2 protein chains.
Amino acid sequence: MDARERRAARHRSPAAGNDVGSRRRRAPITPEQVVDAALGVVAAEGYEALTMRRLATALDTGPASLYAHVVNKADLDELLIGRLCAELVLPEPDPTTWRDQLRGVLAQMRDQYLRYPGISRAGLALAPTDREIARVSEGVLSILLTGGVAPQAAAWAADALLLYTAAYCLEVSIVRQRATEDDAVWVLDREEMRGRLAALPAATFPNTVRYAGELTAGEGHDRFDFTVGLVLDGLAHR
Amino acid sequence: MDARERRAARHRSPAAGNDVGSRRRRAPITPEQVVDAALGVVAAEGYEALTMRRLATALDTGPASLYAHVVNKADLDELLIGRLCAELVLPEPDPTTWRDQLRGVLAQMRDQYLRYPGISRAGLALAPTDREIARVSEGVLSILLTGGVAPQAAAWAADALLLYTAAYCLEVSIVRQRATEDDAVWVLDREEMRGRLAALPAATFPNTVRYAGELTAGEGHDRFDFTVGLVLDGLAHR
DNA sequence: CGTGGTCACGAACACTGTTCTAGTTACGAA
DNA sequence: TTCGTAACTAGAACAGTGTTCGTGACCACG
């Protein structure tokens with residue numbers, strides 16, 4: 001809009017743009033806005049809270065309007081995961097630092113998933129057809145190949161690592177969500193979980209009882225890092 | 001029933017035992033029957049088809065009746081996964097064959113999950129509070145410890161392996177389900193998938209295009225076995 | 001026999017994703 | 001400028017989901 005149009009808009013009555021009977025908004029919603037709003041809802045309320053109605057409310061529109069922009073909910077899922085993947089910064093693979101590079105990309109993926117609690121469930125349900133998802137796969141594969149991993153092992157390891165990342169994040173999201181719920185039955189922080197494991201009958205669960213501490217140990221993403229490390233160690237000796 | 005009662009029953013009119021107004025069955029449904037029927041539905045139609053109504057139909061009862069036996073759907077999920085785990089045969093850990101033992105337990109878990117397509121999604125959503133789930137965890141942990149893996153590494157590796165198994169099975173279930181759907185958009189067998197990868201722009205996806213074959217390679221559970229092997233190799237060098 | 005507990009069932013509720021229909025607006029062509 | 005069409009929006013409705021509530025029937029026990 002040029003300055004004249006902007007001024008004309010300011011001089012319009014305030015209600016003019018919000019006519020109750022209006023069937024068209026000033027500016028149509030864009031798919032990008034749909035994705036933005038959806039991610040906003042997921043970030044604030046978790047993936048399970050993302051219903052078409054919830055999303056429509058966030059966009060100040062009706063749920064039926066969303067179908068002008070997304071095919072269905074599965075399509076929306078794909079757009080969401082694609083957006084997450086698009087935001088990952090993939091390094092130029094370097095044969096001297098490829099391990100750290102790999103850890104970095106996986107950590108980014110992990111953190112994206114965790115920024116949007118529960119969304120990795122959508123990631124687990126996708127066939128890898130989205131271009132951005134393929135970009136991340138390409139990035140992981142490239143790092144592994146640059147690191148000297150054989151093509152077949154690199155291909156399968158990339159698959160396994162991305163799969164594990166999604167599953168890990170789903171589990172973390174669920175545990176965190178449970179921690180925020182008021183239902184005391186499920187409030188199991190680490191000490192409580194450790195206590196539960198330690199209280200199992202030792203005759204049936206000797207090692208679980210003995211190593212309850214180790215089973216519940218780990219700060220931050222120790223488990224995640226450990227598993228990635230295992231895979232890297234495994235690859236190093238193939 | 002003694003012989004006299006059986007004869008009296010046979011002489012009753014056929015409708016007598018099926019009184020329309022009857023609010024109680026001959027023999028009440030048991031939780032075991034609920035789980036059996038639920039697993040039957042999942043095996044035949046997939047996890048997503050398992051609704052309370054579908055289950056109630058399979059049991060020739062009403063959906064509300066199910067709540068006399070299970071707390072809610074999440075509780076049912078837990079019972080189902082518990083049943084799957086209860087059927088796993090855990091070996092007496094042997095320090096000379098622990099690797100094969102571990103592969104065997106994970107393969108059983110994998111196969112149970114795949115026998116009931118999509119059910120591993122329920123497994124991913126559970127807090128590990130069920131006794132049978134804990135039994136399997138104990139079994140995996142024991143094998144690793146017997147194999148000389150340090151307790152902390154064993155604890156975290158057990159966690160990672162079970163998580164990966166569930167995720168792997170979820171993905172396989174989804175791919176298989178898609179293969180059975182008539183919607184041609186999603187019918188991507190291996191050759192088609194390979195073709196799609198190979199058709200990506202080589203400038204953006206050089207390695208994906210070059211190694212489309214490797215990315216789509218693998219028979220049966222090659223990928224699964226590869227990943228478990230990676231973890232074992234990683235553990236061997238810690 | 002009376003009572004309490006358990007099971008089963010129907011109706012209803014609140015919610016989900018989605019389709020269908022109709023209204024409105026924007027845009028391009030005549 | 002007018003008209004037609006495409007695109008967008010919104011409400012109603014549909015079919016489905018998990019679950020609750022109230023009630024009836026049955027069974028076991030005192």
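All of these numbers come straight from a predicted model, not from anything done at the bench. Reminder, nothing fancy here: chain letters follow the sequence lines and each chain counts from 1.
Along DNA chain C, the nucleotide nearest to A:Asn72 and the one nearest to B:Ala68 differ in position, and the one closer to the 5' end is contacted by B:Ala68. In terms of position on DNA chain C, the residue among A:Ala49 and A:Val71 whose nearest nucleotide sits closer to the 5' end is A:Ala49.
Rounded to whole Å, the distance from NZ on A:Lys73 to P on C:dT16 is 10 Å. One atom, CD1 of A:Ile29, and another, P of D:dA7, lie 17 Å apart when rounded to the nearest Å. As a whole-Å value, the separation of B:Glu48 CD from D:dG16 C1' is 14 Å. Distance A:Gln33 CD to D:dC8 C1': 13 Å, rounded to the nearest Å. If you take CZ of B:Arg54 and P of D:dG18, they are 12 Å apart, rounded to a whole angstrom. One can place OH of B:Tyr47 at 13 Å from C1' of D:dT17, the figure rounded to the nearest angstrom. In this entry the distance linking OH of A:Tyr67 with C1' of C:dT16 reads 9 Å, nearest Å. If you take CE of B:Met52 and C1' of D:dT20, they are 12 Å apart, rounded to a whole angstrom.
Phosphate proximity of D:dT9 to A:Thr61: absent, as no side-chain N or O sits under 4.0 Å from OP1 or OP2. In terms of phosphate contacts, B:His69 brings a side-chain nitrogen or oxygen within less than 4.0 Å of OP1 or OP2 of C:dA8. Residue A:Ser65 places none of its side-chain N or O atoms closer than 4.0 Å to OP1 or OP2 of D:dC8. Checking the phosphate oxygens (OP1, OP2) of D:dT17, a side-chain nitrogen or oxygen of B:Thr51 falls inside 4.0 Å.
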Residue pair B:Asp77, B:Arg121: steps toward the salt bridge (charged side-chain N to carboxylate O under 4.0 Å, His left out) verdict: CA-CA 9 Å; B:Asp77 283 342; B:Arg121 190 177 131 209; over 6 Å; no
Candidate pair A:Glu219 and A:Arg190, rule salt bridge (charged side-chain N to carboxylate O under 4.0 Å, His left out), full reasoning: CA-CA 10 Å; A:Glu219 304 289 341; A:Arg190 193 145 90 207; 3.0 Å; yes
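With hydrogens and angles left out, the side-chain atoms of B:Tyr164 and B:Thr227 include a donor and acceptor closer than 3.5 Å.
Going from atom CD1 of A:Ile119 over to atom CD1 of A:Ile81 covers 4.5 Å, rounded to the nearest 0.5 Å. Interatomic distance, CG of B:Leu80 versus OH of B:Tyr116, reported as 9.5 Å (0.5 Å rounding).
The base of D:dG16 has none of its N or O atoms less than 3.5 Å from a complementary donor or acceptor on the side chain of B:Arg53.
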